[in-house]
**Student:** 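This structure is in structure tokens; I'll ask about it shortly.
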Amino acid sequence: MPTEQRLKSIIEAALLAAGKPLTLDELLALFDVTDLPERQAVRAALQALAEEYQGRGIELLEVASGFRIQVRSEFAPWISRLWAERPARYSRALMETLALIAYRQPITRGEIEEVRGVSVSTNIIKTLLEREWVRVVGHRDVPGKPSLYATTKGFLDYFNLKSLSELPTLAEIRDLDTINQELDLELPGITAGASHEPAAVDSESKPPP
Amino acid sequence: MPTEQRLKSIIEAALLAAGKPLTLDELLALFDVTDLPERQAVRAALQALAEEYQGRGIELLEVASGFRIQVRSEFAPWISRLWAERPARYSRALMETLALIAYRQPITRGEIEEVRGVSVSTNIIKTLLEREWVRVVGHRDVPGKPSLYATTKGFLDYFNLKSLSELPTLAEIRDLDTINQELDLELPGITAGASHEPAAVDSESKPPP
Amino acid sequence: MEQREITGIGAPHPQQAEMPFAMVQGEVLSTMPRDLYIPPDALEVFLDAFEGPLDLLLYLIKRQNLDILNIPVAQITTQYMEYVELMKELRLELAGEYLLMAAMLAEIKSRMLLPRVSSDESDEHDPRAELIRRLQEYERYKQAAEDLDALPQQGRDTFPLEIEAPDRIIEKRQPDLSMQELLLSFKDVLQRADMFSNLHIKMEPLSVRERMSIVLDRVNSDTFTAFTRLFDYTEGRAGVVVTFLAILELIKGALLELVQTEPYGPIHVKAASSST
């Protein structure tokens, strides 16, 4: 008969490796007939393991189809991140919309559409608002009172900018054919040539909660 | 930052639930940015877990693609009874081909054949590619542009290795000077002990049916 | 790992008695045949056990407990040829590699039988050298394959673990966006706008644009805000100027209303859209 410690080790390893609950009989079937533990000893080992798992991330419990070791539900928030979906990519339309809001704020959806030459889907605006990169700062006083969008502090933080004035100027963007390479070298401090404004300006521009 | 005990619990639960090795970065990604542990703390927790598993049925080790908790090999006799199927055994031809790729990568099929003195069947290469132990990393710039094979992380993971440098040391070849010195050009050679038992080597290494 | 060296084949490896080497007509062959004689029926099985001519040669050398560096070529060649003859007799499909090796052995043998010119003995190339090199090279990888096979293997010796995690909460991760992508897409917008319209986008410095948003955020369409409260004097002259430009820009865009009830009285500001 295996020693108590060895019995516990085998049972623990089996429950962790099985990928499904194991019954008492299935656990006993792991042993050679010449080395068969008592049913009672297996029960005791299961009990001991369950106690050892107190205060740990896993627990041993008996379910309908046998004994199972599983992650404690209180750890689900961490463990779930194992299967977090890989982030999708943003559409071109969204990036263009965001860029226009950044450079021409405060701006209405109609004005964005005018420049882009195509309509801007409600989803894009919704995504930008949810991501808290964009917020509504007012309404233009024209029929329909369209919302005026502006970027948030969260937008600046995400791109490691202290203020919008650190974005490349329009002229720089138009000129840069090799924007790729240069940005590789210069981001996030894209300030080469950009006019510097007093740095303290933004400390107040808190995004809405 | 999570407490030491909690950190250990989360890491243990994650490694057990993941179903694959996890890198340090993947472990860190489980935590909220506001609650991010230090890399060093995660390392320490892994170390502590590895020590706790001493004398138990499971072990924590680092393989090529990260950290993994697994059943210790000494418990294989019990645990393998969980599954009716016997684990696959690989033919000598396959293992020799794999060894050549592992030790001499990148290597072409022709070069493998040169050392082994026989042709390498397409099936063997196919099996190695399908198991994702081997991949094509390029083509040699000679007529026919033969594929160059190299081993993968999956290969290291399968053999419980962290890197190629952990492979068993390859026997040394005696250089030709030594050989020349030792060559006794007189014929015939030493026949002492010629009637020894046939070496067991081959009877052990018979390829499986 | 300790360093090993391929020398001759020393003591025979421990025998694994219970492992039959082959079954021939119901009879268990648990060891390799001791002499050359192999029951003809067993030959095919016997040859199957070898991974080619180098493997067969290694076996012949080991069987006689010989040093690989000191192969008695004549003797080994004779044995090897007899196997090849047997194969032919049985019309086994002979792999070309076995014949090639036979030719190589025959050549070495013939060269070694020739009288040597004693004067340049040291320069003379030993005809066995190439064979020895190949045998050694093959043997080290044959050994490496065995060592590899002896490593603990996942699913054979060690086993992966996987337990249930209850309540999988699948979290949707937010896409990442680089400044580079953002600017490149903006560049496209600008190019399109230039091409398709007379709409020439003229822009205020970004600091002003940004301040416009901030000012709009501070004012309210229901109540008035004191004009002076829009300025933060700790920013210094430049900051104040930016705010002033932003306010002018907002008025021009009809986004702000300025009210002064009496000359030199305090100016108040509110968002324009209240005037409904």
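Letters A, B, ... are given to chains in the order of the sequence lines, protein chains preceding strands, and every chain is numbered from 1. Quick note: numbers below take in every heavy atom, side chains included, and nothing from hydrogens, waters or symmetry partners.
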**Student:** By side-chain hydrogen bond (donor to acceptor under 3.5 Å, both in side chains), which residues pair with B/Glu59, not counting sequence neighbours?
**Tutor:**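 With sequence neighbours excluded, B/Glu59 shows a side-chain hydrogen bond (donor to acceptor under 3.5 Å, both in side chains) to B/Gln70, given in chain and number order.
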
**Student:** Between B/Leu94 and chain C, which part of the residue has a heavy atom less than 4.5 Å away: side chain, backbone, both or neither?
**Tutor:**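 Neither the backbone nor the side chain of B/Leu94 comes within 4.5 Å of chain C.
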
**Student:** My understanding is that only residues two or more places apart in sequence, or in another chain, count here; which of them pass ring-ring contact (aromatic ring centres under 6.0 Å, His included) with B/Tyr103?
**Tutor:**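 Here no residue qualifies.
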
**Student:** Evaluate C/Glu97 against B/Arg116 for salt bridge (charged side-chain N to carboxylate O under 4.0 Å, His left out), listing each step before the verdict.
**Tutor:** CA-CA 10 Å; C/Glu97 296 108 358; B/Arg116 296 193 57 232; over 6 Å; no

**Student:** So, for B/Tyr149 and B/Trp133, is the gap between ring centers shorter than 6.0 Å?
**Tutor:**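 So the answer is no for these two rings.
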
**Student:** Can you tell which part of B/Arg104 gets under 4.5 Å to a heavy atom of chain C, answering side chain, backbone, both or neither?
**Tutor:**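 Contact with chain C involves the side chain of B/Arg104 alone.
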
**Student:** Examine whether an atom of B/Ile58 lies under 4.5 Å from a heavy atom of chain C, and if so say whether it belongs to the side chain, the backbone or both; otherwise answer neither.
**Tutor:**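 Just the side chain, heavy atoms under 4.5 Å.
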
**Student:** Would you mind checking which part of B/Ser119 comes under 4.5 Å of any heavy atom in chain C, side chain (CB onward), backbone (N, CA, C, O), both or neither?
**Tutor:**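 Contact with chain C involves both backbone and side-chain atoms of B/Ser119.
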
